[in-house]
Amino acid sequence: MMKGEWVRAHTNIALIKYWGKENEKLIIPMNNSLSLTLDAFYTETRVIFDENLKADELYLDNTIQDLAALEKVKTVLNIVREKAGIKAKARVESYNHVPTAAGLASSASGLAALAGAASLAAGLDLSEKELSKLARRGSGSASRSVYGGFAEWQKGTDDDTSYAVPIDDASWDIGMLFIVVNDKKKDVSSREGMRRTVKTSPFYQGWLDTLDADLSAIKEAIKQQNVHEVGAIAERNALKMHATTLGANPPFTYWSPDSMRAMESVRDLREQGYSVHFTMDAGPNVKLICKQSQLAEIKAYLLKDFSESQLIEARPGPGLLVVSEFSK
Ligand code: 2P0
């Protein structure tokens, strides 16, 4: 039996989005993406390789998960077993730390924590670059959660050249505020959503054509620690990504009426003189990009339209950490 330590990974939010795969099996993306790792949401995971197990098992928040949930996990475990020459099946114990029942559990923190925890349990001593590649095989966005602050996932051309690199530690006045929109609609998973968009949306090429410009502009704005520009570029980039889904066949959107209400509040805040922009991912929640020093004021303003439990403050967070004891 090989019992690893607990590993903590924080989630990240893309400011330049990953949307589409060049290689579905290896998870090589169509474009580079750039994200900010946050302190507010994280996953803690431990892996035990045990010869007595008949099959891999995943416990999430003490509840055993079905085969569908195990799929991405098994991809990572199989790579680790092959690298380490291990045959034993694994028990994976994982806890998601998400304030409120917000439905913000993320595959980014989950698969990054697993990459760290499984390689430790197997006795592998992997570099951050190798961990990023391993996390990527589980879920693309997880490649970026290996690092704290801003990270760029460089698409590369094959398994060996597609990984994230750190860009800036974000130890300056930037933060994010989540507006959690409760929505009962059944989602199109991001995996299915990006596949359908690449295949069928006539807007997809337009999306790809402007990415290099967005990426170099946001890197310059990060260098200058210009939160207004970082937010403005991220907002335009997110709106372009979401526009591609409307052109897909069949068309779909991740927006709900409450998402649009949240966007309207952001525009109100800008009229009040705040430097605030938004981004959205494969769901209806809206994430604001603003000065960390103004998070409290902005939250107070939003309380006229949203409840306390819908508003979650986040600050830049760290990369993968080994923790001596898990915190639940
Ligand atoms: C991102 N998203 O860059 C983009 C923006 C959603 C919208 O990465 O298929 O769970 O496992 O590689 O990483 C969500 O997709 O997808 C995502 P897979 P993943 O954050």
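Counting from 1, the numbers follow the sequence of the chain as shown. For ligands, and for the atoms within them, numbers begin at 1 and follow the listed sequence.
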- In the protein, which heavy atom is nearest to atom 15 (O) of ligand 1, and how far is it? Ser190 OG, 3.2 Å
- Query: Which of the atoms of ligand 1 are close to Ser107, meaning less than 4.0 Å from one of its heavy atoms?
  - Reply: 10 (O)
- Which atoms from ligand 1 have a heavy atom of Arg191 less than 4.0 Å away? 9 (O), 11 (O), 18 (P)
- Step through the shown structure and confirm whether more than 12 heavy atoms of other residues, nucleotides or ligands are within 6.0 Å of NZ on Lys219. yes
- Relative to the heavy atoms of Lys21, which atoms of ligand 1 are at a distance of less than 4.0 Å? 9 (O), 12 (O), 18 (P)
- Task: In plain terms, say whether Lys17 and Asp281 are close enough for a salt bridge, that is, a side-chain N and a carboxylate O under 4.0 Å apart.
- Result: yes
- Query: Should Glu264 and Arg267 count as an ion pair when the cut-off is N to O under 4.0 Å?
  - Reply: yes
- Look only at interatomic distance and state if Ser33 has a nitrogen or oxygen under 3.5 Å from any nitrogen or oxygen of ligand 1. no
- Item | Minimum-distance protein heavy atom relative to atom 7 (C) of ligand 1 | Asp281 OD1, 3.7 Å
- Query: So, is Gly140 polar-close to ligand 1, with some N/O to N/O distance under 3.5 Å?
  - Reply: yes
- Item | Thr161 and Asp158 side chains, donor-acceptor separation under 3.5 Å | yes
- List the steps and the verdict of side-chain hydrogen bond (donor to acceptor under 3.5 Å, both in side chains) for Gln205 and Asp209. CA-CA 6 Å; Gln205 189 57 46; Asp209 288 345; 2.9 Å; yes
- Task: Look at Asp159 together with Lys133 and state whether they make a salt bridge at an N to O cut-off of under 4.0 Å.
- Result: no
- Message: Tell me whether Arg144 reaches ligand 1 (any heavy atom closer than 4.0 angstrom to a ligand atom).
- Response: yes
- Message: Using 30° and 60° as the class boundaries, would you call the ring planes of His97 and Tyr42 parallel, tilted or perpendicular?
- Response: parallel
- Query: With respect to atom 19 (P) of ligand 1, which of Ser139, Ser143, Gly193 exhibits the smallest heavy-atom separation?
  - Reply: Ser139
- Counting each atom of ligand 1 from 1 as listed, which ones have a heavy atom of Lys72 under 4.0 Å away? 11 (O)
- Just jot down the ligand 1 atoms closer than 4.0 angstrom to any heavy atom of Ala14, in number order. 1 (C), 3 (O), 20 (O)
- Considering all heavy atoms, the nearest Lys25-Arg137 contact: O-NE, 4.1 Å
- Message: If I apply the N/O under 3.5 Å rule, does Ser141 come out as touching ligand 1?
- Response: yes
- Query: What's the shortest distance from atom 4 (C) of ligand 1 to any protein heavy atom, and which residue and atom give it?
  - Reply: Tyr18 O, 3.2 Å
- Message: Between Tyr95 and Asn62, is the side-chain hydrogen bond (donor to acceptor under 3.5 Å, both in side chains) condition met? List the steps.
- Response: CA-CA 8 Å; Tyr95 293 87; Asn62 295 320; 2.6 Å; yes
- Verify whether one side chain among Ser190 and Trp19 offers a donor that lies under 3.5 Å from an acceptor in the other. no
- Note on the structure: Quick note on ligand 1: atoms under 4.0 Å from a heavy atom of Met194 include exactly 15 (O), 16 (O)
- Query: With a 4.0 Å heavy-atom cut-off (strictly under), which part of Asn12 contacts ligand 1: side chain, backbone, both or neither?
  - Reply: neither
